[in-house]
Amino acid sequence: MNSPESEPSAEHVEALPVVAPQLRALRRRAALTLEAAARAAGLSPGHLSRLETGQRQPSLPMLLALARIYGTTVSELLGERVADRDAVVRAAEMEPTRAGGWTYWQAGASGRGMQALRVHVPYGSQGDIVRVHPGEEWLHVLRGRLRLRLGDTTDLLGPGDSAHFDSLTPHRIAAQDADGVELLFVHTLLQSPTATLCLGPTPSETGETP
């Protein structure tokens, strides 16, 4: 099982070359200290510092958490720009990005109030991480089976099944089968640096000390 704080592979580091400087720049733009931002994301200051210097690679859940905290989008964290906010996103223009074992494709324009992704979640990747944050999420299973835990309820979703829920409900996503699961995933973004209710993995889950 991949840990959110596992050492990055060379392939993953190459896939996210601009994340480290963007993380630092956007945190400063949000007027947050390293300690405040780390606390809001459920990380230690030392771990966030390593993300900002490129010594560690953020997982997709970490990117989502930091994007909400900094009042931005994952696209901006990745240094992506869509000049005219085109309404249409062509399949040929969707470049895969890998983070924390997940592979995802931008399925919408950056700078919007919602973010749309196509995501492949491998079996055993991030399945033990419970997330709680402001906003709403909608997901639709394209291929494979998804084990979704919402609060105290666990459901198994197959191709064609969907879920729409308040993200303040503790939730956990995991692939049920060895081939993983492919999803369409839409979530709202709080466009404010004060969105500090977003929690990443707790220190006990990451192995970091507060």
Side-chain angles (χ1 to χ4, degrees), residues 1-9 11-12 15-16 40-43 47 56-69 73-74 77-78 94 96-108 114-190 195 197-208:
M1 183 173 294
N2 290 336
S3 166
E5 299 214 357
S6 59
E7 292 294 339
S9 67
E11 176 187 11
H12 288 172
L16 297 173
L43 302 171
H47 185 67
R56 291 287 184 92
Q57 179 211 5
S59 65
L60 177 55
M62 285 184 185
L63 290 174
L64 293 172
L66 291 170
R68 292 186 180 96
I69 292 165
T73 65
V74 170
L77 287 180
L78 294 172
M94 296 182 187
T97 299
R98 295 174 179 85
W102 296 24
T103 303
Y104 68 99
W105 297 258
Q106 289 290 141
M114 296 187 299
Q115 186 156 24
L117 304 169
R118 182 162 60 91
V119 182
H120 176 75
V121 181
Y123 180 76
S125 174
Q126 308 295 330
D128 59 342
I129 303 301
V130 177
R131 286 173 277 276
V132 181
H133 52 81
E136 294 184 19
E137 294 185 26
W138 175 87
L139 58 84
H140 177 84
V141 180
L142 296 173
R143 181 179 58 83
R145 295 186 299 168
L146 174 74
R147 190 169 67 252
L148 173 66
R149 181 174 177 180
L150 291 174
D152 296 326
T153 302
T154 300
D155 289 289
L156 188 62
L157 282 65
D161 292 340
S162 301
H164 187 177
F165 53 92
D166 188 326
S167 304
L168 285 175
T169 302
H171 52 284
R172 179 185 301 177
I173 293 172
Q176 178 71 13
D177 304 315
D179 290 337
V181 62
E182 189 167 330
L183 312 169
L184 286 178
F185 177 69
V186 177
H187 65 93
T188 58
L189 290 168
L190 296 184
L197 291 177
C198 181
L199 303 178
T202 64
S204 61
E205 290 168 325
T206 62
E208 291 274 1

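All values derive from a computational prediction rather than experimental measurement.
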Under the side chain to side chain contact (heavy atoms under 4.5 Å, CB included) test, residues paired with Val186 that sit two or more places apart: Met114, Ala116, Trp138
query: Of all residues at least two apart in sequence or in a different chain, which pass the side chain to side chain contact (heavy atoms under 4.5 Å, CB included) check with Asp166?
result: Leu168, Thr169
If every non-hydrogen atom of [X] is compared with every non-hydrogen atom of [Y], which pair is closest and at what distance?
X      : Y      : value
Ala174 : Leu146 : O-CD1, 3.4 Å
Arg68  : His187 : NH2-ND1, 3.0 Å
His120 : Gly180 : CE1-CA, 4.1 Å
Pro96  : Trp105 : CB-NE1, 3.3 Å
Asp161 : Leu156 : OD2-O, 4.4 Å
Gly144 : Pro159 : O-CD, 3.3 Å

Heavy-atom side-chain contact between [X] and [Y] under 4.5 Å:
X      : Y      : answer
Leu117 : Gln106 : yes
Leu63  : Tyr104 : yes
Val119 : Thr103 : no

field: Donor-acceptor contact below 3.5 Å, side chain Arg56 vs main chain Pro58
entry: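 No.
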- request: Output, in order, the C-alpha distance, side-chain angles, deciding distance and verdict of side chain to side chain contact (heavy atoms under 4.5 Å, CB included) for Leu64 and Phe185.
  value: CA-CA 12 Å; Leu64 293 172; Phe185 177 69; 4.1 Å; yes
task: Please report the C-alpha distance between Thr154 and Arg147 in whole Å, then the side-chain angles of each, then the deciding distance to 0.1 Å, and finally whether the side chain to side chain contact (heavy atoms under 4.5 Å, CB included) criterion is met.
output: CA-CA 7 Å; Thr154 300; Arg147 190 169 67 252; 3.7 Å; yes
message: Going by side-chain hydrogen bond (donor to acceptor under 3.5 Å, both in side chains), name the residues that satisfy it together with Ser162, two or more places apart in sequence or in a different chain.
response: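 So Ser162 forms a side-chain hydrogen bond (donor to acceptor under 3.5 Å, both in side chains) with His140.
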- prompt: For Asp155, what residues pass the side-chain hydrogen bond (donor to acceptor under 3.5 Å, both in side chains) criterion, not counting sequence neighbours?
  reply: none
- prompt: Which residue pairs pass the salt bridge (Lys or Arg N to Asp or Glu O under 4.0 Å) test when at least one of the two sits in residues 132-143, sequence neighbours left out?
  reply: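 Matches after skipping sequence neighbours: Arg143-Glu182.
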field: Pairing residues for Phe165 by the ring pair (Phe, Tyr, Trp, His ring centres under 6.0 Å) criterion, not counting sequence neighbours
entry: His171
task: Mind checking salt bridge (Lys or Arg N to Asp or Glu O under 4.0 Å) for Asp177 and listing every partner two or more places apart, or none if nothing turns up?
output: Arg145
- prompt: Atom CG in Leu43, atom CG in Leu66: separation rounded to 0.5 Å?
  reply: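 Here the rounded value is 6.5 Å.
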field: CA sep, side-chain torsions, deciding dist, call: Leu157, Leu139, side chain to side chain contact (heavy atoms under 4.5 Å, CB included)
entry: CA-CA 10 Å; Leu157 282 65; Leu139 58 84; 4.0 Å; yes
